[in-house]
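Counting from 1, the numbers follow the sequence of the chain as shown. Values reported hereafter were calculated over all heavy atoms of this structure, with side chains retained and with hydrogens, waters and symmetry mates removed. Fair warning: this is a prediction, and the values are worked out from it, not measured in the lab.
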Amino acid sequence: MNQIIGLDIGTNSVKAIILQDGKVLGQTSVGYSPDYLGDGKVEQDPAIWWDATQKAIRDITAAHPGHVVAISAAGQMHSSVFLDENGNVIRNAILWNDMRTTKQVNDIYNAAGSDVDLVETAHNYAFEGFTLPKILWLRENEEVNFNKVSKVIMPKDYINYKLTGRVATDVSDAAGTLLLDIPNRKWNTEFLAKVGLSSDLLPDVLESVDAVGKVQPELAAELGLSPETLVIAGGADNSCAAIGNGVTRAGQTVISIGTSGTIVTMFDKMPEPSVITGEVHLFNYSYPEKFYAMGCMLCAGESLNWLRTILNIEDFNDFNVLAEQSSAGAGGVIFLPYLFGERCPYPDPYAKSIFFGMSTTTTRADMVRAVMEGVAYNVRVMYDMVTVFTPITDIYITGGGAKSDIWGRIIASALGREITVLNIEEGPAFGAALIAGVGAGIFADFDTAKAQFLQTAKVIQPENNPIYAQQFEKFEELYCSNSHMW
């Protein structure tokens, strides 16, 4: 029977999932840790990803014997792998959450001319986590290593290279480098010249559903695969996760509440330049010829995790009980979820969190609900930002907002929209598997793949309570009226 495998090359693990005949046969995960080097430096040896990937593939093919037609990977965005002319790794990869490149970010703005000029060129602001600042940092700080660099690729591209022997990337990962001509889906040679880099450093750019090649024969038997198994290009983790959460038509949107929080909306055509302000990321989507806008807040579920420690709450389920004990509006308490600074809606590394409106009557339940509502209000601001790209049709939710009934209702109420929870919540690896299926021709398109696997588990209805609108208005005012203080 024909099988497909999806991988997720993450920061802390490689996940693998195997699908067949409209069913998830199984999944596995192999963990590891990044190297936190201090001063905001975070690195990882790509060999760790490759070792974990091999183990994950071997484990899942051994547990579910069959004919694997295709395999595809999602990967952590922006993280930089530096290869020499022989395809060997020169130094550890610099990860997406590495913050050493503030100087290089400023250099990028200077090279572009201004922040407005950069958005016009790259359709995004520059952030320390993006790929281009890492390349410039290497050039400035490790000249010997930089002079050895033949290609710069991303983590899932390295796995594809090890599987096939071909160095390539896909449009969704390439878009996160700041170096892609996003409307035309090719490297931006004009901007490369401005930052003093050659396009020779960059790999071929494919669509996510294109084949990179076939698994190298000497590897196939070891991994339980066939030499005819196709390796499909795959995509950036957020793009693959959106595919796996049913975002296959313009206007469909997925909200993800994990440690961070994202909102991703698909659209068909590039908007007018006046619409592209850089407030949300604009990237190429894993659906061929499509695009997506993404807002990313840095501290969504982590806000609750922080509160759990502060209030000594042992079980996350206790949060739901406590939140139900409070009422809409959290007894007048509002929380700004900016414990890590913020990326969206405010690109402000110095932003701070606030509990506002507390009194002697404030309870632990009010504080818990205020955190849930604060995250929801921030999602609402990002939602308003992505609506400028396309009218929003369907909204899906995954992560903490899907698992917690009360948090899901709060988010739906803050948006004033019903939200759908799907039956499968497997993240980027599941989306990568669907990409593998489309790329190999098992599915005619993503709608066909979606119909085989995804059904509605429940629909969350918003509460028609004016207190949410009142609190949201105060929430928006709080950052603006306090940001000068930090």
Please check if the side chain of D35 supplies one atom and the backbone of L37 the other of a donor-acceptor pair under 3.5 Å.
no
Shortest non-hydrogen pair, I60 vs G26, comes out as CD1-O, 3.5 Å
Flag side-chain contact, heavy atom, 4.5 Å: Q44 against P34
yes
S256 side, atom OG; N238 side, atom CG - distance, nearest 0.5 Å:
8.0 Å
Would you sort out whether T259 and E302 count as a side chain to side chain donor-acceptor pair (under 3.5 Å), showing the intermediate values?
CA-CA 5 Å; T259 299; E302 186 60 25; 4.7 Å; no
Is it the case that more than 12 heavy atoms not belonging to E314 sit under 6.0 Å from its CD atom?
no
Candidates L25, I5, V24 - the one meeting side chain to side chain contact (heavy atoms under 4.5 Å, CB included) with I17:
V24
Check whether any side-chain heavy atom of V379 lies under 4.5 Å from a side-chain heavy atom of I257, and answer yes or no.
yes
Counting N and O atoms only, with roles assigned by atom type, does the side chain of E279 sit under 3.5 Å from a partner on the main chain of C344, one being a donor and the other an acceptor?
no
Do S172 side-chain atoms and A236 backbone N/O form a donor-acceptor pair below 3.5 Å?
yes
Which of parallel (below 30°), tilted (30 to 60°) and perpendicular (above 60°) describes Y158 and Y161?
tilted
What's the shortest heavy-atom distance between K151 and L202, and which atoms?
NZ-O, 3.2 Å
Taking everything shown except Q455 itself, do over 12 heavy atoms lie less than 6.0 Å from its CD?
yes
Residues K41 and D39 bridged, charged N to O under 4.0 Å
no
Side chain to side chain contact (heavy atoms under 4.5 Å, CB included) evaluation trace for Y383 with R417
CA-CA 11 Å; Y383 169 86; R417 295 285 302 268; 2.8 Å; yes
Are the side chains of H123 and M270 in contact, using a 4.5 Å heavy-atom criterion?
yes
So, Q216 side chain and K162 main chain: donor-acceptor pair closer than 3.5 Å or not?
yes
Is it true that R100 and E43 have a side-chain N and a carboxylate O under 4.0 angstrom from each other?
yes
Where do T177 and W187 land on the side chain to side chain donor-acceptor pair (under 3.5 Å) test, with the steps shown first?
CA-CA 10 Å; T177 65; W187 296 119; over 6 Å; no
Where A175 and N284 come nearest, the two heavy atoms and their spacing
CB-OD1, 3.5 Å
R380 and D384 ion-paired at < 4.0 Å
yes
Evaluate the criterion side chain to side chain contact (heavy atoms under 4.5 Å, CB included) for residue pair F316 and K403; output intermediate values, then yes/no.
CA-CA 11 Å; F316 275 100; K403 294 173 182 175; over 6 Å; no
Looking at P203, is its backbone amide N or carbonyl O close enough to the side chain of T169 to form a donor-acceptor pair, meaning the two atoms are under 3.5 Å apart?
no
Can you tell if the side chain of V68 reaches within under 4.5 Å of the side chain of L223, non-hydrogen atoms only?
no
Backbone N/O of K186 and side chain of D181: donor-acceptor pair under 3.5 Å
no
So D268 and T390, side chain to side chain contact (heavy atoms under 4.5 Å, CB included) or not? Walk me through it.
CA-CA 9 Å; D268 289 330; T390 184; over 6 Å; no
Are I243 and F430 close enough that some pair of their side-chain heavy atoms sits under 4.5 Å apart?
no
Grab the two heavy atoms, one from R185 and one from Y285, that are nearest each other, plus how far apart they are.
NH2-O, 3.5 Å
State whether the side chain of K214 and the backbone N or O of T229 hold a donor-acceptor pair below 3.5 Å, judged by distance alone.
no
Check whether any side-chain N or O of S72 sits under 3.5 Å from a backbone N or O of I232 as a donor-acceptor pair, and report yes or no.
yes
Closest heavy-atom pair, A122 versus I182, reported as atoms and distance to 0.1 Å, is O-CD1, 3.6 Å
Contact check, side chains of L434 and K450, non-hydrogen atoms, under 4.5 Å:
no
Looking at A449 and F443, what are the two nearest heavy atoms and their distance?
CB-CD1, 3.4 Å
With side chain to side chain contact (heavy atoms under 4.5 Å, CB included) as the criterion, how do T101 and L136 come out once you've worked through the C-alpha distance, each side chain's angles and the decisive distance to 0.1 Å?
CA-CA 8 Å; T101 59; L136 300 184; over 6 Å; no
Side-chain heavy atoms of S404 within contact of M372, under 4.5 Å
yes
Working to the nearest 0.5 angstrom, can you tell me the gap between C296 SG and F127 CZ?
9.0 Å
Considering only NZ, NE, NH1 and NH2 on the basic side and carboxylate oxygens on the acidic side, decide whether K134 and D98 come within less than 4.0 Å.
no
Go through the steps for K458 and D405 under the test salt bridge (charged side-chain N to carboxylate O under 4.0 Å, His left out), then give the verdict.
CA-CA 10 Å; K458 65 178 179 180; D405 287 341; 2.5 Å; yes
What's the separation between atom CD1 in I395 and atom OG1 in T420, rounded to the nearest 0.5 Å?
8.5 Å
Between Q252 and the options N245, D394, T265, the side chain to side chain donor-acceptor pair (under 3.5 Å) test singles out D394
Between S13 and K15, is there a donor-acceptor pair closer than 3.5 Å when you use the side chain of the first and the backbone of the second?
no
Indicate yes or no: does R166 engage D204 in a salt bridge with an N to O separation below 4.0 Å.
yes
Here's a test for you: under ring pair (Phe, Tyr, Trp, His ring centres under 6.0 Å), which of Y125, F291, F130 qualifies with H281?
F130
Would you check if L178 and N124 make a side-chain contact, meaning some heavy-atom pair closer than 4.5 Å?
yes
How long is the span from the CH2 atom in W407 to the CD1 atom in I460, to the nearest 0.5 Å?
12.5 Å
Give me the one residue out of I4, I442, N2 that meets side chain to side chain contact (heavy atoms under 4.5 Å, CB included) with L19.
I4
Show your reasoning for whether side chain to side chain donor-acceptor pair (under 3.5 Å) applies to T448 and D445.
CA-CA 5 Å; T448 304; D445 51 36; 2.7 Å; yes
If you measure from the Lys or Arg side-chain nitrogens to the Asp or Glu carboxylate oxygens, is any gap between D170 and K156 under 4.0 Å?
yes
Take atom CZ in R249; do more than 12 heavy atoms of anything else shown fall under 6.0 Å from it?
no
Can a donor-acceptor pair be found, under 3.5 Å and without considering hydrogens, that links the side chain of Y32 to the backbone of N12?
no
